[in-house]
Amino acid sequence: MSEPPVDQPGRAAGESPLPPATGPAASKLTATKTRWAEERRFLTGRPVRTDHDRLPPGQHLVRDWPVLDLGEQPEVPRSAFRLDVTGAVENPVSWDWSAFAALPQTRRVSDIHCVTTWSRYDNAWDGVATRALLDLVRPTPDARAVMLRSHDGYTTNLLLEDFADAEALVAHSWEGRPLTRDHGGPARLVVPHLYFWKSAKWLRKIELLTADKAGFWERRGYHMRGDPWAEERYAED
């Protein structure tokens, strides 16, 4: 996969080039999805939502749960789990599994929508609501965005208001069972109102930022926000 030009959508002018496409970045899925962004695949041009719509434009319903990653599924035992919340916060924290599990727990049921066009309805999640997490770390007045960092090197960004959505949580269980390794266990983010690439698996760090910054897919032509109802699949959509 050739390197994109400096002014590729999703990268700020003057930003350093993307790292060479080796290791996880050279996976078949990464190359394919980068090509989709270049080709503007799956766009319908019908980003209109009515009160009766449940399936976003360009999506199809599945009953299984497809597994997508960068070619690596890190194994993170609970004994080694640590979640750091840092950056533009008044009270940075670092939780091991016992401390994370002791936080107030929440259940949410939500639909999820992947940018690769599949959607799955009625997923039951257990975990820590992002609003409860933010109450504990207290974002500074200039906090504007969040960068998520995963154990496989993956990163993705969200605006602070999207991270703090009422349905969002750091999940450790799905359908009453601990998240499996292939689906991001022991803990992953779930932000159901955005495309699911924003819901980072194998979460290790949440960094609050004073300005939005592109993550892994955003630097490869994908949208900075990713609203499925507005078909925000790719940069400048």
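The chain is numbered in sequence order, starting from 1.
- Arg144 is linked by a salt bridge (Lys or Arg N to Asp or Glu O under 4.0 Å) to nothing, counting only residues two or more places apart in sequence or in another chain.
- The hydrophobic cluster containing Trp97 does not contain Val76, counting ILVMFWY residues as joined when their side-chain heavy atoms lie under 4.5 angstrom apart, directly or transitively.
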Output, in order, the C-alpha distance, side-chain angles, deciding distance and verdict of side chain to side chain contact (heavy atoms under 4.5 Å, CB included) for Arg204 and Asp84.
CA-CA 6 Å; Arg204 68 171 181 84; Asp84 299 328; 5.8 Å; no
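- Between the side chain of Thr86 and the main chain of Glu207, no donor-acceptor pair closer than 3.5 Å is present.
- Trp65 and Trp174 have tilted rings, their planes meeting at an angle from 30° to 60° on a 0 to 90° scale.
- Put simply, the side chain of Glu175 gets close to the backbone of Ala124: a donor and an acceptor are under 3.5 Å apart.
- Salt-bridge formation is not detected for the pair Asp69/Arg181: no Lys NZ or Arg NE/NH1/NH2 atom is positioned less than 4.0 Å from an Asp or Glu carboxylate oxygen.
- At least one donor-acceptor pair under 3.5 Å links the side chain of Lys201 to the backbone N or O of Asp182.
- Pairing each heavy atom of Ala168 with each of Val191, the nearest pair is CB-CG2, 4.0 Å.
- Taken from SG in Cys114 to CD1 in Ile112, the straight-line distance is 8.5 Å, to the nearest 0.5 Å.
- When every heavy atom of Ala143 is checked against every heavy atom of Leu160, the shortest pair comes out as O-CD2, 3.7 Å.
- Residues passing the ring-ring contact (aromatic ring centres under 6.0 Å, His included) test with Phe196, sequence neighbours excluded: none.
- Between Phe81 atom CZ and Leu203 atom CG the span is 7.0 Å, to the nearest 0.5 Å.
- Within the 4.5 Å cutoff, the side chain of Trp197 has no heavy atoms near those of the Leu68 side chain.
- Between Pro192 and Arg108, the closest side-chain pair of non-hydrogen atoms is not below 4.5 Å.
- Hydrophobic clustering of Ile, Leu, Val, Met, Phe, Trp and Tyr side chains at less than 4.5 Å, counting indirect connections, unites Val89 with Leu189.
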Does Asp152 form a side chain to side chain contact (heavy atoms under 4.5 Å, CB included) with Gln73? I'd like the steps, not just the answer.
CA-CA 7 Å; Asp152 63 343; Gln73 295 179 357; over 6 Å; no
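- A distance of 12.0 Å separates CG of Leu134 from CG of Asn91, quoted to the nearest 0.5 Å.
- Across all non-hydrogen atoms, the minimal contact from Leu169 to Asp126 is CD1-C, 3.8 Å.
- A side-chain donor-acceptor contact under 3.5 Å links Thr155 to the backbone of Phe216.
- From Glu167, atom CD reaches atom CG of Leu194 across 12.5 Å, with rounding to the nearest 0.5 Å.
- With side-chain heavy atoms closer than 4.5 Å counting as contact, directly or through intermediates, the hydrophobic cluster containing Leu209 also holds Met147.
- Between His172 and Phe100, the ring planes lie perpendicular to each other; the angle is over 60°, past the 30° to 60° tilted range.
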Where do Trp95 and Val170 land on the side chain to side chain contact (heavy atoms under 4.5 Å, CB included) test, with the steps shown first?
CA-CA 13 Å; Trp95 290 305; Val170 178; over 6 Å; no
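- Separation of atoms NE2 (His60) and CZ (Arg120) is listed at 13.0 Å; rounding is to 0.5 Å.
- Judged by distance alone, with hydrogens and angles left aside, the side-chain atoms of Thr156 form no donor-acceptor pair with the main-chain N or O of Ala200 at under 3.5 Å.
- Glu218 contributes no side-chain N or O that, together with a main-chain N or O of Arg225, makes up a donor-acceptor pair within less than 3.5 Å.
- Partners of Trp125 according to the side chain to side chain donor-acceptor pair (under 3.5 Å) rule, which considers only residues two or more places apart in sequence or in another chain, are Ser110.
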Check the pair Glu231, Arg40 against salt bridge (Lys or Arg N to Asp or Glu O under 4.0 Å), reporting the backbone distance first and the verdict last.
CA-CA 11 Å; Glu231 274 199 299; Arg40 324 290 286 174; over 6 Å; no
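- By the 4.5 Å heavy-atom criterion applied to side chains, Val85 and Leu208 are counted as neighbours.
- The shortest non-hydrogen separation linking Ala214 to Asn157 is CA-OD1, 4.0 Å.
- The hydrophobic clustering, which links ILVMFWY residues whose side-chain heavy atoms are closer than 4.5 Å, places Met224 and Leu158 apart.
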Let me see the working for Arg82 and Ser94 under side-chain hydrogen bond (donor to acceptor under 3.5 Å, both in side chains), right down to the final yes or no.
CA-CA 7 Å; Arg82 186 162 297 278; Ser94 182; 3.2 Å; yes
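- Applying the 4.5 Å side-chain rule to ILVMFWY residues, one finds Leu61, Tyr121 in the same cluster as Leu55.
- A distance of 13.5 Å separates NE2 of His183 from OG of Ser199, quoted to the nearest 0.5 Å.
- By the 4.5 Å heavy-atom criterion applied to side chains, His193 and Asp227 are not counted as neighbours.
- With contacts defined as side-chain heavy-atom distances shorter than 4.5 Å, the pair Leu136/Val93 does not qualify.
- Minimum heavy-atom separation, Thr30 to Trp217: CA-CH2, 3.5 Å.
- At least one side-chain heavy atom of Lys33 sits under 4.5 Å from a side-chain heavy atom of Val115.
- At least one side-chain heavy atom of Asp122 sits less than 4.5 Å from a side-chain heavy atom of Asp111.
- The hydrophobic cluster containing Leu43 also contains Tyr195, counting ILVMFWY residues as joined when their side-chain heavy atoms lie under 4.5 angstrom apart, directly or transitively.
- The environment of CD in Glu75 is sparse: at most 12 heavy-atom neighbours from other residues, nucleotides or ligands sit within 6.0 Å.
- Here the side chains of Leu83 and Ile206 are in contact, with some heavy-atom distance below 4.5 Å.
- Residues meeting the ring-ring contact (aromatic ring centres under 6.0 Å, His included) test with His151, sequence neighbours left out: none.
- Side chains of Asp96 and Ser98: a donor-acceptor N/O pair is absent below 3.5 angstrom, by distance only.
- Between Tyr222 and Thr34 the shortest heavy-atom distance is OH-N, 4.4 Å.
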Determine, stepwise, if the pair Trp118 / Asp64 fulfils side chain to side chain contact (heavy atoms under 4.5 Å, CB included).
CA-CA 10 Å; Trp118 61 262; Asp64 60 346; over 6 Å; no
